[in-house]
Peer 1: 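Following this message is one structure expressed as structure tokens.
The basis for the numbers below is simple: all heavy atoms, side chains too, and nothing from hydrogens, waters or symmetry mates.
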Amino acid sequence: MSSAASSDPENATFSSLVKSSGEIDDIAQQQQQPLLNGVFQEETYSVLGCVFPFLFPALGGLLYGYDIGATSCATIEIVSETLSGITWYDLNTIQIGLISSGSLYGALIGSALAFSVADFLGRRKELITAAVLYFVGALITGLSPDFAILVVGRLVYGLGIGLAMHAAPMYIAETAPSRIRGRLISLKEFFIVIGMVIGYTVGSLLVDTVSGWRYMYGASSPISVIMAIGMWWLPASPRWLLLCAIQGKGSLEELKEAAICCLCRLRGPAIGDTGPQQVDEILTEISCACEEKEISIGEMFQGKYLKALFIGVGLVIFQQITGQPSVLYYAASILKSAGFSEASDSTRVSILLGVFKLIMTGTAVLVVDKLGRRPLLLGGVSGLTISLFLLGSYYKFLGNAPAVAVVALLLYVGCYQLSFGPIGWLMISEIFPLRMRGKGLSIAVVANFGANAIVTFAFSPLKSLIGAANVFFMFGGIAVLSLVFIYFIIPETKGLSLEEIEAKLL
């Protein structure tokens with residue numbers, strides 16, 4: 001590490017959280033230097049061997065996205081006297097809100113539970129548990145005989161979301177080669193958007209079917225079974241096994257041998273006979289960075305651990321409070337005002353925006369490991385800021401120019417998917433030191449879902465109080481603050497191993 005003060009949690013101060021852009025760029029230029037004295041071992045891997053360690057955890061994101069899409073259609077049909085197929089269809093707005101947000105409440109609880117159980121279960125078992133909860137939640141929801149059971153099913157499904165969105169980024173980050181880690185974790189966001197598009201599509205096909213809402217929710221259960229089987233087949237995270245070895249949770253030699261076997265399975269034949277050497281290097285680096293005992297609550301708010309929390313939690317909060325739920329709320333009315341008659345159907349609008357989000361997320365996936373995290377965040381959030389001020393101007397001054405609103409909407413969605421969307425999840429999976437990664441990610445995911453809930457529920461009162469235009473201007477001001485935060489606080493992690501990030505950037 002750069003100094004004794006930065007390596008000592010007791011001596012570090014809040015001022016060490018802030019680096020100038022020049023310092024961040026200097027650190028990025030050092031990323032190919034060996035972490036420790038000695039020869040830097042180039043990672044060898046098979047691209048084919050990286051597919052399944054990414055795919056099965058990413059199904060957790062797909063199921064999350066599917067729930068968003070399916071619920072938007074299910075809540076339309078479930079209140080229909082003729083199509084709901086139930087006698088309790090006459091639901092009030094609060095009950096509809098509980099159906100829509102039930103999985104969000106469950107996700108908040110699940111991500112909070114992950115704080116206590118993540119390091120005990122490990123990444124793989126946590127994802128298996130998430131898949132089981134997805135399956136059970138989908139079945140309870142689809143077969144629910146009354147409203148109360150339906151809400152229970154939504155909460156159980158949400159518990160799966162909370163665990164999956166906590167464990168999937170960790171598993172992918174800890175098992176992916178450094179050179180393609182950013183691309184793979186960003187692809188998880190791509191899978192969330194794919195899930196949304198599938199959910200909207202399935203919903204649009206079943207929205208005119210009697211009891212179609214049951215099939216919408218039940219349709220996710222086969223995917224959760226595939227996820228559970230896939231995660232059962234995949235090996236544990238080698239880094240988690242080595243952390244357990246360092247913390248005395250088993251025989252060092254046995255856990256080290258298990259880590260070698262897991263790494264060889266993850267990397268495929270291309271790793272050759274370098275597996276033991278790579279594990280030795282990871283073990284040495286973790287030993288230098290970690291203490292033997294588990295991290296305490298007090299330590300999490302000191303030194304490099306506080307810095308990681310400040311970066312991770314700050315980024316995901318800005319990801320939500322720049323108004324993403326609110327902008328999408330206006331999507332249908334904006335497109336309709338611009339003369340897209342078929343867009344008056346909310347389901348078609350959702351599919352249209354979902355496909356656009358897929359394209360922009362795919363673009364981010366392709367360039368994140370070439371351009372880096374900071375350029376995408378700075379460029380994307382700059383465009384996002386402009387779009388929010390354009391939306392505010394449309395509702396304040398330019399009501400007779402709906403084309404401005406359409407351009408602003410597409411600019412917002414595109415820039416969000418290039419920046420906050422994938423990079424937010426990528427950064428929180430990379431930035432936390434191994435010793436606090438499980439607990440740190442849990443705090444970040446709770447902050448993410450919590451901020452989402454606050455923005456979602458505060459939007460309508462704010463709109464009534466100060467008007468839509470001023471709400472968007474407010475979000476634009478927050479986006480400006482997020483740009484300052486990104487410029488001065490967020491480091492560049494492109495090309496660095498997780499151990500190098502901990503040693504050089506924290």
Peer 1: Keeping the roles fixed (side chain from R437, backbone from M170), state whether a donor-acceptor pair exists under 3.5 Å.
Peer 2: no
Peer 1: Taking the basic N atoms (NZ, or NE/NH1/NH2) and the acidic carboxylate oxygens, is any pair closer than 4.0 Å for R181 and D369?
Peer 2: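 Between D369 and R181 there is no salt bridge, as every charged N stays at least 4.0 Å from the carboxylate O atoms.
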Peer 1: Is there a side-chain contact between P422 and F190 in this structure, where contact means two heavy atoms from C-beta onward sitting under 4.5 Å apart?
Peer 2: no
Peer 1: Please say whether more than 12 non-hydrogen atoms of neighbouring residues, nucleotides or ligands are located less than 6.0 Å from OH in Y215.
Peer 2: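 Incorrect, the count does not exceed 12.
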Peer 1: V446 versus F115: any side-chain heavy-atom pair under 4.5 Å?
Peer 2: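 No, too far: nothing below the 4.5 Å cut-off.
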Peer 1: Kindly give the heavy-atom pair with the smallest separation between P53 and T175, and that separation in Å.
Peer 2: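 Taking every non-hydrogen atom into account, CB-OG1, 4.3 Å.
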Peer 1: Give the intermediate values and the outcome of side chain to side chain contact (heavy atoms under 4.5 Å, CB included) for residues E126 and V117.
Peer 2: CA-CA 8 Å; E126 187 179 351; V117 304; 5.6 Å; no
Peer 1: For the CD1 atom of I128 and the CG atom of L163, what is their distance to the nearest 0.5 Å?
Peer 2: 12.5 Å
Peer 1: Is a donor on one side and an acceptor on the other found under 3.5 Å between the side chain of R123 and the backbone of S237?
Peer 2: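 No; judged by distance alone, with no hydrogens or angles, the pair does not exist.
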Peer 1: How long is the straight-line distance from CD of E430 back to CD1 of I172, given to the nearest 0.5 Å?
Peer 2: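 Taking CD1 in I172 and CD in E430, the distance rounds to 12.0 Å.
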Peer 1: Hey, what do you get for CD1 (I501) to OG1 (T493), rounding to the nearest 0.5 Å?
Peer 2: 4.5 Å
Peer 1: Taking the side chain as everything from C-beta on, heavy atoms only, tell me whether I86 gets closer than 4.5 Å to W213.
Peer 2: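 They are in side-chain contact.
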Peer 1: Which label fits F56 and F52: parallel for a plane angle under 30°, tilted from 30 to 60°, or perpendicular past 60°?
Peer 2: parallel
Peer 1: Return the CG to CG distance between L104 and L98, rounded to the nearest 0.5 Å.
Peer 2: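 So the CG of L104 and the CG of L98 are separated by 11.5 Å.
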Peer 1: When you measure from the side chain of T385 to the backbone of G476, do you find a donor-acceptor pair of N or O atoms at a distance under 3.5 Å?
Peer 2: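 Not a single qualifying donor-acceptor pair exists.
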Peer 1: Would you indicate whether the side-chain heavy atoms of M165 and I192 approach each other to under 4.5 Å?
Peer 2: yes
Peer 1: About how many Å separate OH of Y217 and CD1 of I99, when rounded to the nearest 0.5 Å?
Peer 2: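 Here the rounded value is 6.5 Å.
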Peer 1: Donor-acceptor pair, Y395 side chain versus N470 backbone, under 3.5 Å?
Peer 2: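 Flag not set: sc Y395 to bb N470 has no pair under 3.5 Å.
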Peer 1: Please check: side-chain N/O of S296 versus main-chain N/O of E299, any donor-acceptor pairing under 3.5 Å?
Peer 2: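 Yes; judged by distance alone, with no hydrogens or angles, the pair exists.
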Peer 1: Under 4.5 Å between any side-chain heavy atoms of Y134 and D67, yes or no?
Peer 2: no
Peer 1: Taking side chain as C-beta onward, heavy atoms only, is L353 less than 4.5 Å from L410?
Peer 2: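 They are in contact (side-chain heavy atoms under 4.5 Å apart), so the answer is yes.
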Peer 1: With heavy-atom distances below 4.5 Å as the criterion, would you say the side chains of Q324 and F420 are in contact?
Peer 2: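 The answer is no; the side chains never approach within 4.5 Å.
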Peer 1: So does T141 get a backbone contact from the side chain of S144, meaning a donor-acceptor N/O pair under 3.5 Å?
Peer 2: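 Side chain of S144 to backbone of T141: a pair is present.
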Peer 1: Please test Y157 against I140 for side chain to side chain contact (heavy atoms under 4.5 Å, CB included), starting from the C-alpha separation and ending with a verdict.
Peer 2: CA-CA 9 Å; Y157 195 95; I140 292 175; over 6 Å; no
Peer 1: Give the minimum heavy-atom separation between I185 and P169, together with the two atoms involved.
Peer 2: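 The answer is CD1-O, 4.3 Å.
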Peer 1: What is the minimum heavy-atom distance between K188 and A168, and which atoms define it?
Peer 2: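 Heavy-atom minimum between the residues: CD-CB, 4.0 Å.
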Peer 1: Indicate the atoms forming the closest heavy-atom contact of C415 with G383, along with that distance.
Peer 2: SG-CA, 3.6 Å
Peer 1: Go through the steps to decide whether Y66 and V202 satisfy the test side chain to side chain contact (heavy atoms under 4.5 Å, CB included), and finish with yes or no.
Peer 2: CA-CA 9 Å; Y66 178 85; V202 171; 3.6 Å; yes
Peer 1: Test your reading of the model: is there a side-chain donor-acceptor pair from S429 to the backbone of L426, 3.5 Å cut-off?
Peer 2: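 Between the backbone of L426 and the side chain of S429 there is a qualifying donor-acceptor contact (under 3.5 Å).
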Peer 1: Could you give the distance from CD1 (I428) to CD1 (I443), rounded to the nearest 0.5 Å?
Peer 2: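 One finds 11.5 Å between CD1 of I428 and CD1 of I443.
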Peer 1: Considering residues, nucleotides and ligands other than W232, do more than 12 of their heavy atoms fall under 6.0 Å from its CH2?
Peer 2: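 Open.
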Peer 1: For the residue pair F191 and F54, does the interplanar ring angle fall in the parallel (under 30°), tilted (30 to 60°) or perpendicular (over 60°) class?
Peer 2: perpendicular
Peer 1: Classify the side-chain pair Y105/R154 by whether it contains a donor and acceptor separated by less than 3.5 Å.
Peer 2: no
Peer 1: Which label fits F389 and F473: parallel for a plane angle under 30°, tilted from 30 to 60°, or perpendicular past 60°?
Peer 2: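 The arrangement is tilted - the two ring planes meet at 30° to 60°.
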Peer 1: Donor-acceptor pair, S442 side chain versus G438 backbone, under 3.5 Å?
Peer 2: no
Peer 1: Are L113 and L159 close enough, and set up right, to give a side chain to side chain contact (heavy atoms under 4.5 Å, CB included), and what steps lead you there?
Peer 2: CA-CA 9 Å; L113 286 174; L159 288 173; 4.3 Å; yes
Peer 1: State, to 0.1 Å, how close A130 and A164 come at their nearest heavy-atom pair, and which atoms those are.
Peer 2: CB-N, 3.7 Å
Peer 1: Do you know the tightest heavy-atom contact between T322 and L388?
Peer 2: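 Answer, listing the atom of T322 first, then L388: O-CD1, 3.5 Å.
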Peer 1: So, does S80 use its side chain to make a donor-acceptor pair with the main chain of I76 at under 3.5 Å?
Peer 2: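 Flag not set: sc S80 to bb I76 has no pair under 3.5 Å.
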Peer 1: I'd like to check S387 versus Y416 (side-chain heavy atoms, cut-off strictly below 4.5 Å). Are they in contact?
Peer 2: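 A side-chain contact is absent here, since even the closest heavy-atom pair is not under 4.5 Å.
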Peer 1: Please check if the side chain of R374 supplies one atom and the backbone of I486 the other of a donor-acceptor pair under 3.5 Å.
Peer 2: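 Pair found, side chain donor or acceptor close to backbone of I486.
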Peer 1: Aromatic rings Y64 and F449: how do their planes relate, parallel, tilted or perpendicular, breaks at 30° and 60°?
Peer 2: perpendicular
